[in-house]
Amino acid sequence: METQKIAEKFRTLFGTDGILYASAGRINLIGEHTDYNGGYVFPGAIDKVVAAAIKPNGTNKVRAYSFDNQEMAEFGLNEEDKPERHWACYVFGVCREIQKRGGKVEGFDTVFSGDIPIGAGLSSSAALESTFAFALNDLFNDNAIDKFELAKIGQSTEHNYCGVNCGIMDQFASCFGKAGSLIRLNCKTLEYQYFPFDPKGYKLVLLDTCVKHSLASSAYNFRRQSCERAAAAIKKNHPEVDFLSDCKRVWLDEVRSEISEEDFIRSEYVIGEVQRVLDVCDALERSDYETVGELMYQTHFGLSRLYEVSCEELDFLNKLARKHEVTGSRVMGGGFGGCTINLVKEELYDEFVSDAKKQFAAKYGHEPKVYDVVISDGARRL
Ligand code: GLA
């Protein structure tokens with residue numbers, strides 16, 4: 001990403017130089033909607049980032065300029081100072097969440113910009129939160145806040161200032177990302193493990209439908225509630241259960257008549273998906289990419305038919321991938337639009353991508369955007 005424009009804008013606006021920080025968007029190979037269910041996820045940071053120039057300004061006010069919106073927001077650091085602009089709430093939320101944890105934040109000036117497509121399921125908002133969490137920890141707190149807490153600061157920002165009851169995956173990936181490695185995280189215990197990921201002879205490519213659903217955050221929150229209701233019903237029989245990820249499939253069957261059919265099928269998907277992450281990791285250790293790919297297709301089926309977070313355009317691209325014998329393909333991230341992630345043999349790549357563009361454009365009037373995935377580092381000072 002071109003950081004020079006940020007540095008220059010900062011100088012123009014504030015007459016001095018800021019310090020540059022960045023944090024990454026993410027992909028997720030498998031493990032979708034499992035994080036808030038205490039299950040596993042398997043993300044990695046990518047080479048698309050949010051970058052910011054920042055400098056303390058000696059006041060108790062923040063002056064933040066969004067390069068991409070060409071807008072300035074000015075706000076204080078108390079709870080009642082919440083800004084009106086949605087993008088500014090991410091910056092404000094991070095400041096507040098640091099303060100709530102006893103950390104220090106004073107006034108600062110900032111200019112930020114990103115090259116992560118918004119609404120594509122690549123976690124541009126987590127990257128924004130992680131950039132500021134990392135920077136404010138460095139600038140005002142001598143890096144006393146550990147990386148997990150930085151990820152939680154981003155997550156709480158979503159919960160308390162942006163209206164999404166998300167899990168920890170995106171902020172975790174953005175803070176912990178490492179070039180060349182995916183990270184398997186147990187979202188209940190927060191144990192994690194890096195898996196070097198370099199599938200010889202294959203490529204990972206994202207196809208962005210460019211579909212964005214405005215009701216995605218409330219639909220997301222509803223999915224989470226379904227899972228929590230089912231887990232609470234199961235807990236009555238099995239007190240050790242805190243999350244759906246703790247449940248055996250038969251335990252779900254036991255409560256079938258007590259919960260709604262919708263809650264049942266949502267939970268059925270989640271319990272299957274938690275296991276699929278482990279199966280994918282096993283297959284990767286054997287370099288068995290065919291199995292990895294098959295499991296990705298299973299996830300797509302589950303997300304589309306059981307969890308119902310896909311859409312027509314995503315299903316179309318998934319079907320087309322099958323037709324081209326793409327090894328694995330599925331909707332990625334929260335869903336309701338955004339991208340499919342595709343694991344494709346190198347020799348099939350060109351034909352698949354060009355046909356996907358052609359067929360998709362013929363049906364929906366525009367081509368999907370194509371992003372090659374490079375697994376990269378997470379939050380950092382540049
Ligand atoms: C969004 C949320 C994550 C996760 C995914 C689905 O990206 O922010 O916490 O729940 O959806 O896997």
Side-chain angles (χ1 to χ4, degrees), residues 25-35 37 39-44 46 117 119-123 167 169-170 173 182 184 195 197 199 202-211 213 216 219-220 223 265-266 268-284 288-345 348-349 352-353 356 359-360 368-373 375:
R26 61 107 190 86
I27 54 137
N28 185 28
L29 190 65
I30 199 148
E32 222 63 90
H33 290 276
T34 46
D35 57 355
N37 285 301
Y40 291 97
V41 291
F42 200 27
I46 57 173
L122 299 177
S123 297
M169 169 168 74
D170 304 347
L182 298 178
R184 186 179 70 192
F195 281 70
F197 184 74
Y202 293 81
K203 287 180 90 158
L204 266 187
V205 61
L206 305 176
L207 296 181
D208 184 357
T209 60
C210 303
V211 173
H213 283 292
Y220 179 96
R223 296 298 180 284
I265 56 169
R266 304 281 193 252
E268 193 183 7
Y269 160 77
V270 170
I271 293 173
E273 181 72 354
V274 172
Q275 183 57 44
R276 275 191 289 273
V277 183
L278 297 175
D279 294 346
V280 158
C281 292
D282 286 349
L284 271 185
D288 176 1
Y289 299 113
E290 293 307 308
T291 300
V292 172
E294 243 350 279
L295 290 161
M296 289 169 75
Y297 279 108
Q298 284 180 24
T299 294
H300 185 84
F301 178 87
L303 287 170
S304 177
R305 305 293 174 78
L306 304 176
Y307 218 64
E308 296 181 293
V309 296
S310 186
C311 64
E312 191 194 313
E313 292 85 344
L314 288 163
D315 289 347
F316 179 84
L317 288 176
N318 180 260
K319 239 193 193 153
L320 198 71
R322 254 299 189 218
K323 216 173 112 203
H324 278 268
E325 297 183 353
V326 167
T327 307
S329 176
R330 66 178 195 81
V331 40
M332 193 187 73
F336 311 105
C339 294
T340 60
I341 179 169
N342 303 275
L343 178 66
V344 56
K345 285 205 179 101
L348 296 178
Y349 176 90
F352 167 56
V353 169
Q359 305 269 357
F360 193 90
K369 293 199 177 127
V370 181
Y371 315 122
D372 290 315
V373 172
I375 312 286

Under the side-chain hydrogen bond (donor to acceptor under 3.5 Å, both in side chains) rule, collect the residues that match up with Thr34, sequence neighbours excluded.
none
Qualifying residues under side-chain hydrogen bond (donor to acceptor under 3.5 Å, both in side chains), relative to Glu325, sequence neighbours excluded
none
Name all pairs fulfilling the salt bridge (Lys or Arg N to Asp or Glu O under 4.0 Å) condition that reach into residues 288-302, sequence neighbours left out, sorted by first residue then second.
Arg286-Asp288, Glu290-Lys345, Glu294-Arg322
Quick one: do Met332 and Arg26 satisfy side chain to side chain contact (heavy atoms under 4.5 Å, CB included)? Show the steps, please.
CA-CA 10 Å; Met332 193 187 73; Arg26 61 107 190 86; 4.0 Å; yes
Can you list everything that forms a side chain to side chain contact (heavy atoms under 4.5 Å, CB included) with Glu308? Sequence neighbours excluded, please.
Arg223, Arg266
Taking side chain to side chain contact (heavy atoms under 4.5 Å, CB included) as the test, write out the residues that go with Glu313, two or more places apart.
Thr209, Val211, Cys311, Phe360, Tyr364
Nearest-0.5 Å distance, CD1 of residue Ile375 to CZ of residue Phe197
6.5 Å
Modelled atom types, side-chain donor and acceptor of Thr340 and Asn318, under 3.5 Å
no
Under the side-chain hydrogen bond (donor to acceptor under 3.5 Å, both in side chains) test, which residues partner Tyr307, sequence neighbours left out?
Tyr36
Using the rule side-chain contact (heavy atoms from CB on, under 4.5 Å), only one of Val292, Val277, Val41 pairs with Leu29; which is it?
Val292
Working to the nearest 0.5 Å, report the span between OG1 of Thr299 and CG of Leu306.
11.0 Å
Take Arg330 and Leu314, measure what side chain to side chain contact (heavy atoms under 4.5 Å, CB included) needs, and give me the verdict at the end.
CA-CA 8 Å; Arg330 66 178 195 81; Leu314 288 163; over 6 Å; no
